[in-house]
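Have a look at the structure below before the remarks.
Numbers here simply count residues along the sequence, with the first being 1.
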Amino acid sequence: MSEQSNPTATTGTTVKAFPPDSLTLRRRHRRAVGQLALCVFVLVPWTVYLAVSLPDRFEARYWPMVWVGFDVMLLVSLVGAGVAVWLRRQVLVPVSFVAATLLVCDAWFDVSLSWGRGDVWGSIASAVLVELPLAFLLVMRARRVLKISARLAWQRLGLAGEPPPLYKLPLFVTLASSSSIHVDFKEAKDA
């Protein structure tokens, strides 16, 4: 495989790009689809099993450790997202999605575990006024970065016009292979 270097990267480091091999890409794609299908296949019966087998009540022995640990993970992900924004790094995208997911989980567990108790309204207010809006903001910020990155990559590949919406946009690894640029572009626009 030929190797190309771009010494003009804005980070001051050399970026190395390897042209993708279509056979390798197809194999990796099949493997990823298979792994995700297996996860879904296993999770469905597991969820049904939990629904019918879990007790109505359970006394947690390490309750404070569970919640403090969860909040530490949430804090680390929010700090990571903040640092990524401050440093203007692409890692903002996955870290923002992690933080948003943890915020939604936090809202879910706060409301679910306080249901039927007097503090449920405080949990609902916290979810509606803080956790869910912040999760939405993080996802929208990551989406904006993805769209800008897609537009820049689209232009670098020499493709005309604006890229399709993210849900129609093929992976750039696929677009980068010279034999598939026009096929994937046509499929993305037609879809």
Side-chain angles (χ1 to χ4, degrees), residues 28-151 153 162-174 188 191:
R28 287 181 181 172
H29 179 261
R30 280 193 309 269
R31 187 180 312 141
V33 169
Q35 290 168 345
L36 290 171
L38 178 64
C39 289
V40 169
F41 182 74
V42 170
L43 189 59
V44 169
W46 177 251
T47 305
V48 171
Y49 168 74
L50 289 178
V52 298
S53 67
L54 283 177
D56 290 339
R57 294 184 182 275
F58 180 78
E59 185 175 327
R61 189 170 187 175
Y62 301 104
W63 193 247
M65 181 188 71
V66 169
W67 277 110
V68 171
F70 183 85
D71 285 341
V72 167
M73 288 189 292
L74 178 56
L75 178 65
V76 167
S77 67
L78 288 170
V79 168
V83 169
V85 169
W86 185 46
L87 296 175
R88 296 183 176 116
R89 298 289 185 255
Q90 291 286 332
V91 74
L92 161 73
V93 174
V95 174
S96 292
F97 280 116
V98 167
T101 301
L102 289 174
L103 282 164
V104 171
C105 290
D106 195 21
W108 167 260
F109 285 116
D110 285 347
V111 172
S112 297
L113 294 174
S114 64
W115 200 258
R117 295 178 24 197
D119 58 347
V120 69
W121 295 111
S123 296
I124 291 172
S126 173
V128 171
L129 299 175
V130 178
E131 293 158 340
L132 296 178
L134 183 54
F136 180 78
L137 175 73
L138 287 164
V139 169
M140 289 297 104
R141 172 69 61 183
R143 181 178 176 269
R144 183 171 182 215
V145 169
L146 282 173
K147 288 180 77 169
I148 291 169
S149 297
R151 183 176 296 125
E162 289 291 313
L166 289 175
Y167 71 93
K168 290 183 179 180
L169 187 66
L171 293 173
F172 282 109
V173 172
T174 305

Just wondering, more than 12 heavy atoms not from F70 lying within 6.0 Å of its CZ? yes
With side chain to side chain contact (heavy atoms under 4.5 Å, CB included) as the test, would you mind laying out the steps for V40 and L36 before giving the verdict? CA-CA 6 Å; V40 169; L36 290 171; 5.7 Å; no
Considering all heavy atoms, the nearest R141-L92 contact: CG-CD2, 3.8 Å
To check you understand the geometry: which heavy-atom pair defines the closest contact between V145 and Q90, and what is its length? CG1-OE1, 3.8 Å
So if I apply the side chain to side chain contact (heavy atoms under 4.5 Å, CB included) rule between W46 and each of L50, V48, V44, which one comes out positive? L50
OG/S96 to CZ/R143 distance, rounded to the nearest 0.5 angstrom? 14.0 Å
At what distance, to the nearest 0.5 angstrom, does CZ of R151 lie from CG of L169? 11.5 Å
Between D110, V111, D119, L129, which is the residue that forms a side chain to side chain contact (heavy atoms under 4.5 Å, CB included) with I124? V111
Between CG on residue L102 and CZ on residue F109, distance to nearest 0.5 Å: 10.5 Å
Evaluation steps, side chain to side chain contact (heavy atoms under 4.5 Å, CB included), between W67 and D106: CA-CA 9 Å; W67 277 110; D106 195 21; 3.5 Å; yes
Nearest heavy atoms of V91 and A84, plus distance in Å: CG1-CB, 3.7 Å
In terms of heavy-atom contacts, L132 and A107 come closest through CD2-CB, 4.1 Å
Point-to-point distance, once rounded to the nearest 0.5 Å, from CG of L146 to CG of L166: 6.0 Å
Determine whether a donor-acceptor pair (N or O, by modelled atom type, separation under 3.5 Å) exists between the side chain of S126 and the backbone of G122. no
For F97, is the CZ atom crowded, meaning more than 12 foreign heavy atoms sit under 6.0 Å from it? yes
Derivation of the side chain to side chain contact (heavy atoms under 4.5 Å, CB included) call for L138 and L78: CA-CA 9 Å; L138 287 164; L78 288 170; 3.8 Å; yes
Kindly give the heavy-atom pair with the smallest separation between S123 and S114, and that separation in Å. OG-OG, 3.1 Å
